[in-house]
Amino acid sequence: MGGRPLYLEPLYLEPRLGPRLRSLMAAAGTLHSLTDALGSPLHVVVPDQIAENVERFRSVYRAHHLGGQIFYAHKANRSSALLRRLAATDAGVDVASLEELQHALGAGFAPGRITATGPKNPEFLWLAARTGVTVGVDGPAELDQLAALVRKHALDRVRVLLRLSGFETAGVRVLSRRSRFGTPVAQAEELLEAVERHGDAVEATGVAFHLDTTSVAEKAAALEGCLAVLEACRSRGLRPRAVDVGGGFGVSYLAEREQWETYTSELTAAVMGRRPPLTWGGHGYGLREESGTLRGALGLYPAHRSVAGPAYLDDLLAQPAPSLGGRPLAALLLEHLYDLYTEPGRALLDQCGLTLAKVLEVRTQGSDGALLVRLAAKADDIALEDHGVLMDPVVVPRSGAAQGEGPVAVHLFGSLCLETDLITRRTVFLPRRPAPGDLLAFANTAGYAMDFHATRAQQQPAARKVAAWQDGDAWRWCLDDQFWPITPSGGVQ
Ligand SMILES: *Cc1c(COP(=O)(O)O)cnc(C)c1O
């Protein structure tokens, strides 16, 4: 194998695999015939999983006796199969572009199950208003624009969610980060005045926030701030009933907490020069060494999380509201009979898919003793790294039985003529040496890692996508856009 044995102990970051992904990974014959037919890279989505994930979120609502809706944040994956399977549940969808709105309507979502958020062009706003979708508005200017459009085209009154940001709480020193979106709560009165002014054209049905943070305390402060704004609405005679807490419930990607903790402390040691490098070119993922001192901050997703997804929502709802007698947020929502809206993206896509890439070449090179493994995929086809998610791929051998010696340290390269086309800058440890023709299966890529960053650089096609489902012991599949949730093609029976 060559190379100096600089890596004494392999540092694994094994993916957490639920029953469906575990079974799919084990179906090596199916995965190889899929990539033989459709090429590498290939995304495989598992629509039945999203329905199960919706049910898990619902059970948190039930546990707190709360009503409301779960809106899947569509931007996290373009898949038609996932969206159509979701349409067969009672969940809703949150769309952030004209195309996503058209996609949702075409997948079977009635407008009452759709919210439209984010920056909106006039066409998006018109189609949302025309069909009666609920529109998340960022501020008075957007309300003015929407109201003018409603009047000009003689449309029905549009339901709006008022997006807020810049929350602060008295006592506890938690200030939510600055956001491009939403109206700072300090200026909520102006927004409510605009709602009153446009009472003929819009109806405020709730208030909303979305914070891109893992901090429960920050979100609890925001939810508490929303409750105060709802009170202000009532005193004006407005009757919004929903609080939309956005997304960001997160996913735990790794199977073992200990692997994550060991890895991050070894990475720190490598940055400090106390052990051989763990990355290509000594990259530190935000950490650096300056005259013997560790600087910077680790810019990585917390790949192992003890509380994520529905459990995170549960945790949030159990947080006390200091300004409201310290009572739990869930109790306050229930007492006012407010509806709880959530907009999970990543969390609803947990365990909903994987990405396959064929090994083209395995080469011994470089001074660090690691193998160079070149894949038939571009870095943007497997965008885990873009989201700071570090997780090992699983080797799916061509020959069925595992053969190569191991463990080995490898660098994973993509197929572009670009020094920077690394699937990950991290040195990856694999339990055995892969061979050309093997597949590497990257688990849990459905949330943002499949198509959010996809390009057609060097005219290489973007990865295709298939939908797969279990039929007894076998896996069946079809092209993603051929999937509908009716038998025999899978899903709803
Ligand atoms: C992206 C986004 C979400 C989903 O965030 P996740 O972290 O994927 O759960 C929800 N709401 C809004 C407004 C968003 O922009």
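Order of appearance sets the numbers: ligands from 1, and atoms from 1 within every ligand. Each residue takes its place number in the sequence, starting with 1.
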Checking [Y] against [X]: is there a side-chain donor and acceptor pair closer than 3.5 Å?
{"X": "T183", "Y": "E190", "result": "no"}
{"X": "H198", "Y": "R151", "result": "yes"}
{"X": "E385", "Y": "Y285", "result": "yes"}
{"X": "T342", "Y": "Y61", "result": "yes"}

Against T424, only a single residue in V428, L422, T427 fulfils side chain to side chain contact (heavy atoms under 4.5 Å, CB included); can you say which?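 For T424, the side chain to side chain contact (heavy atoms under 4.5 Å, CB included) test succeeds with only one of V428, L422, T427, which is V428.
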Looking only at distances, can you tell me whether any N or O atom of [X], backbone or side chain, sits closer than 3.5 Å to an N or O atom of ligand 1?
{"X": "G345", "result": "yes"}
{"X": "T117", "result": "no"}
{"X": "G248", "result": "yes"}
{"X": "R346", "result": "yes"}

In ligand 1, which numbered atoms sit nearer than 4.0 Å to a non-hydrogen atom of G247?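 By the 4.0 Å cutoff, the relevant atoms are 9 (O), 10 (C).
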With heavy atoms of R163 as the reference, note each atom of ligand 1 found under 4.0 Å away.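 Result: 13 (C).
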Ligand 1 versus A73, non-hydrogen atoms closer than 4.0 Å: side chain, backbone, both, neither?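 For A73, the contact with ligand 1 is made by the side chain alone.
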Which bit of H210 gets closer than 4.0 Å to ligand 1, counting heavy atoms only: side chain, backbone, both or neither?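 Side chain only.
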Just need the protein heavy atom nearest to [atom], so name the residue and atom and give the distance.
{"atom": "atom 10 (C) of ligand 1", "result": "E343 O, 3.2 Å"}
{"atom": "atom 2 (C) of ligand 1", "result": "K75 NZ, 2.3 Å"}
{"atom": "atom 8 (O) of ligand 1", "result": "Y448 OH, 2.6 Å"}

Can you give the donor-acceptor pairs under 3.5 Å from side chains of residues 124-138 to other protein atoms, not counting sequence neighbours?
{"residue": "T131", "atom": "OG1", "partner": "L127", "partner atom": "O", "Å": "2.7"}
{"residue": "T131", "atom": "OG1", "partner": "A128", "partner atom": "O", "Å": "3.3"}
{"residue": "D138", "atom": "OD1", "partner": "G182", "partner atom": "N", "Å": "2.6"}

Apply side-chain contact (heavy atoms from CB on, under 4.5 Å) to residues Q351 and R16 and explain how you reach the verdict. CA-CA 9 Å; Q351 301 289 320; R16 183 176 60 82; 3.8 Å; yes
